[in-house]
Amino acid sequence: MPDRMLNRISLKSIVGLLFVLGIVCSLPVCAQEAGGQGRQGGAAPRQGGVEGPRASSAPPIAKVEWVQPAGQKGQVAVVQENIADQNIELKEYGPGAKELLTSGTPGSESTPFTVWSGACTGPFAITFRLKNNSMDLSGLGRIRWMIKTSGFHEVRPVVKLADGTLLVGDHTDASVPMFADREFALADVRWIKLDPDRVVTLASPGGIANQIWVNNPDLSKVDEVGFADLMPGSGHGTGGYIHLGTIEIYGKAVPRGAATTSSR
């Protein structure tokens, strides 16, 4: 092979090798530059999986515990005296509310003392009102309750706003096998207006066709909080009902009539 051809081949090989080396060596630099641009753009990657600071939970403002007053025996209609904290007032909506019964044994772990909806012949709502304060449940407000259900019955949250509007939420909890604690944030709940007499859902104000959701209700001014069962019970036995035990409400207590702020 002529020397001239060998020289051309060698020159091409050297140029190709230098080109490949140049690309490889520039990769780390490009990566560093890209990373620096990302950080400058406000999209800084997480270091070692560490997340930013989270907002703290709202403090507890009310706890409903069911008790059996002296002289009360067996399953009887729920009354004000069945609430341990007498600074919490019991409110009832719908004819079925009068048929809500006490159930269980005080101090029992397997069958705790609760309220039971099996004898309720229609839908109902039970709410709780603080005697001296309204409730700011905006922001980080949440509810924690102990429940047990049967059939397709589900426990739903209910709030009564300062203007008297009664709302029921789309959040539902059910636990057929055993009593269980459930907790949820009210910020995740969508609300529908509830008829206080019949305890049925109503169309949203405004007259928009097929609109049922109440958009952005003011949860910074809540007068009552509670629960609803929108189905009639099946009677005694294991057909259909809800048991509801302790209820804890987290948010901010605000003196009635005072301006409210978010519970963040």
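Keep in mind that the numbers below use all heavy atoms, side chains included, and drop hydrogens, waters and symmetry copies.
- When each of T114, L244, V115, T111 is paired with S103, the side chain to side chain contact (heavy atoms under 4.5 Å, CB included) condition holds for T114 and for no other.
- Judged purely by distance below 3.5 Å, without hydrogens or angles, the side chains of H153 and D229 pair a donor atom with an acceptor atom.
- Closest heavy-atom contact between P177 and K148: O-CE, 4.1 Å.
- A heavy-atom distance below 4.5 Å is not found between the side chains of I242 and I147.
- Two residues are said to be in side-chain contact when any heavy atoms from C-beta on lie closer than 4.5 Å; K252 and P59 fail this criterion.
- For the pair T105 (side chain) and S108 (backbone), a donor-acceptor distance under 3.5 Å is absent.
- Between W116 and H236, the gap from one ring centroid to the other is short of 6.0 Å.
- Of all the heavy atoms in G96 and F124, the pair that sits closest is C-CB, 3.7 Å.
- The heavy-atom pair separating G169 from V189 by the smallest distance is CA-CG1, 3.5 Å.
- At least one side-chain heavy atom of I126 sits less than 4.5 Å from a side-chain heavy atom of L90.
- N133 places no side-chain N or O within donor-acceptor distance of the main-chain N or O of L130, the cut-off being under 3.5 Å.
- R182 is linked by a side-chain hydrogen bond (donor to acceptor under 3.5 Å, both in side chains) to nothing, counting only residues two or more places apart in sequence or in another chain.
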Start with the C-alpha gap between V78 and L101, add the side-chain angles, then the distance that decides, and say whether side-chain contact (heavy atoms from CB on, under 4.5 Å) holds.
CA-CA 5 Å; V78 176; L101 301 179; 5.6 Å; no
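- Between the SG atom in C120 and the CE atom in M231 there is a gap of 12.5 Å [rounded to 0.5 Å].
- Within 6.0 Å of CG in N216 there are 12 or fewer heavy atoms belonging to other residues, nucleotides or ligands.
- Looking at heavy atoms from C-beta onward, L194 lies out of side-chain contact with I192 at the 4.5 angstrom threshold.
- A distance of 15.0 Å separates CD in E183 from CE in M146, rounded to the nearest 0.5 Å.
- Side chains of D181 and W145: no donor on one and acceptor on the other come within 3.5 Å.
- Side-chain contact between W191 and P157: present, with at least one pair of heavy atoms (C-beta onward) separated by less than 4.5 Å.
- To the nearest 0.5 angstrom, E154 atom CD is 4.0 Å from T172 atom OG1.
- For the atom pair NZ (K193) and OG1 (T165), the distance works out to 5.5 Å, reported to the nearest 0.5 Å.
- Of the possible polar contacts, none joining the R129 side chain to the E224 backbone as a donor-acceptor pair under 3.5 Å is found.
- Looking at R156 and F227, their side chains never come closer than 4.5 Å, going by heavy atoms from C-beta outward.
- Here the side chains of K131 and E89 are in contact, with some heavy-atom distance below 4.5 Å.
- Y241 and L100 fall into different hydrophobic clusters, where Ile, Leu, Val, Met, Phe, Trp and Tyr are joined by side-chain heavy atoms under 4.5 Å apart, directly or via other members.
- Heavy-atom neighbours of E109 CD from other residues, nucleotides or ligands within 6.0 Å: at or below the threshold of 12.
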One pair to check against side-chain contact (heavy atoms from CB on, under 4.5 Å): M135 and V225. What are the steps and the verdict?
CA-CA 9 Å; M135 292 169 274; V225 180; 3.6 Å; yes
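- A salt bridge does not link K160 to D223: none of the charged nitrogens lies less than 4.0 Å from a carboxylate oxygen.
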Check the pair I249, L137 against side-chain contact (heavy atoms from CB on, under 4.5 Å), reporting the backbone distance first and the verdict last.
CA-CA 9 Å; I249 303 167; L137 302 180; 3.9 Å; yes
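- In this structure, K63 does not pair ionically with D85, as no charged nitrogen and carboxylate oxygen lie closer than 4.0 Å.
- Judged by distance alone, the side chains of E99 and T121 do bring a donor and an acceptor atom under 3.5 Å apart.
- Clustering ILVMFWY residues whenever any of their side-chain heavy atoms sit less than 4.5 angstrom apart, transitively, puts F128 in a cluster other than the one holding V79.
- With hydrogens and angles ignored, the 3.5 Å screen pairs no side-chain donor or acceptor of Q72 with any backbone N or O of V76.
- Evaluation of the ring-ring contact (aromatic ring centres under 6.0 Å, His included) rule for F113 yields no partner, not counting sequence neighbours.
- Remark: side-chain polar atoms of S134 are paired, donor with acceptor, to backbone N or O of V254 under 3.5 angstrom.
- The backbone N or O of I88 lies less than 3.5 Å from a partner atom in the side chain of Q80, making a donor-acceptor pair.
- Between T102 and G74, the shortest heavy-atom distance links the atoms OG1-O, 3.4 Å.
- Placement of F184 and V214 within a single hydrophobic cluster is found when ILVMFWY residues are connected by side-chain heavy-atom separations under 4.5 Å, directly or transitively.
- Within the 4.5 Å cutoff, the side chain of P217 has heavy atoms near those of the L161 side chain.
- With sequence neighbours excluded, the residues satisfying side-chain hydrogen bond (donor to acceptor under 3.5 Å, both in side chains) with E92 are K98.
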Mind running side-chain contact (heavy atoms from CB on, under 4.5 Å) on V64 and T246 for me, showing each step along the way?
CA-CA 6 Å; V64 178; T246 302; over 6 Å; no
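- Across G239 and S150, no two heavy atoms sit closer than the pair O-OG, 3.0 Å.
- A distance-only check finds no donor-acceptor pair linking the side chain of W66 to the backbone of I83 [under 3.5 Å].
- One N or O on the side chain of S234 and one on the backbone of G240 form a donor-acceptor pair closer than 3.5 Å.
- Not a single donor-acceptor pair under 3.5 Å links the side chain of R190 to the backbone N or O of D170.
- Closest approach of N82 to P69, counting heavy atoms only: ND2-CD, 3.4 Å.
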